[in-house]
Amino acid sequence: MMPLTVELVAADRRVWQGEASQVSARSIDGELGILPGHQPLLCVLAEGEVRVNAEGGWRSATIDGGFLSVDHDRVTIIAESVDAGSLGS
């Protein structure tokens with residue numbers, strides 16, 4: 001199965017881009033788990049943690065809310081501000 005292509009973007013910079021097997025985030029309607037092959041989706045994210053299972057294991061960042069888009073195994077997360085946490089390394 002092909003991996004997800006993930007991009008996390010803050011208002012002033014691209015925080016992280018890479019391949020992952022899974023993305024986890026909290027929308028205003030509840031927790032999301034995104035795997036390869038996920039149906040197209042556009043949702044509003046709540047303030048909290050975004051987790052990405054990339055090479056080397058789970059990494060995380062904290063966002064102030066934003067949007068998440070899924071289309072053809074491409075996940076884009078856009079937030080006003082991002083504390084890069086372990087995604088920044």
Would you say Ile77 and Val75 make side-chain contact, with heavy atoms under 4.5 Å?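 In short, these two side chains touch, coming nearer than 4.5 Å.
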Are the side chains of Leu32 and Cys43 in touch, meaning some heavy atoms are under 4.5 Å apart?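 Yes, at least one pair of side-chain atoms sits under 4.5 Å.
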Quick one: [atom1] on [X] to [atom2] on [Y], what's the gap to the nearest 0.5 Å?
X	Y	atom1	atom2	answer
Leu41	Ser69	CG	OG	7.5 Å
Leu87	Thr62	CG	OG1	9.5 Å
Met2	Glu19	CE	CD	7.0 Å
Ser60	Asp83	OG	CG	8.5 Å
Ile28	Leu45	CD1	CG	9.0 Å

Do you know the tightest heavy-atom contact between [X] and [Y]?
X	Y	value
Asp73	Gly37	OD1-N, 2.6 Å
Leu35	Gln22	CD2-CG, 3.7 Å
Pro36	Ser21	CD-O, 3.3 Å
Ala61	Val82	CB-CG1, 4.0 Å
Ser24	Glu31	OG-OE1, 4.2 Å

Which is it for Val44 and Phe67 under the side-chain contact (heavy atoms from CB on, under 4.5 Å) test, yes or no, and what are the steps along the way? CA-CA 5 Å; Val44 178; Phe67 299 93; 3.8 Å; yes
Could you tell me whether Glu80 atom CD has more than 12 heavy atoms of other residues or ligands within 6.0 Å of it?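 It does not: Glu80 CD has 12 such atoms or fewer within range.
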Got a donor-acceptor contact below 3.5 angstrom from the Arg26 side chain to the Glu47 backbone?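 Checking the backbone N and O of Glu47 against the side chain of Arg26, a donor-acceptor pair under 3.5 Å is found.
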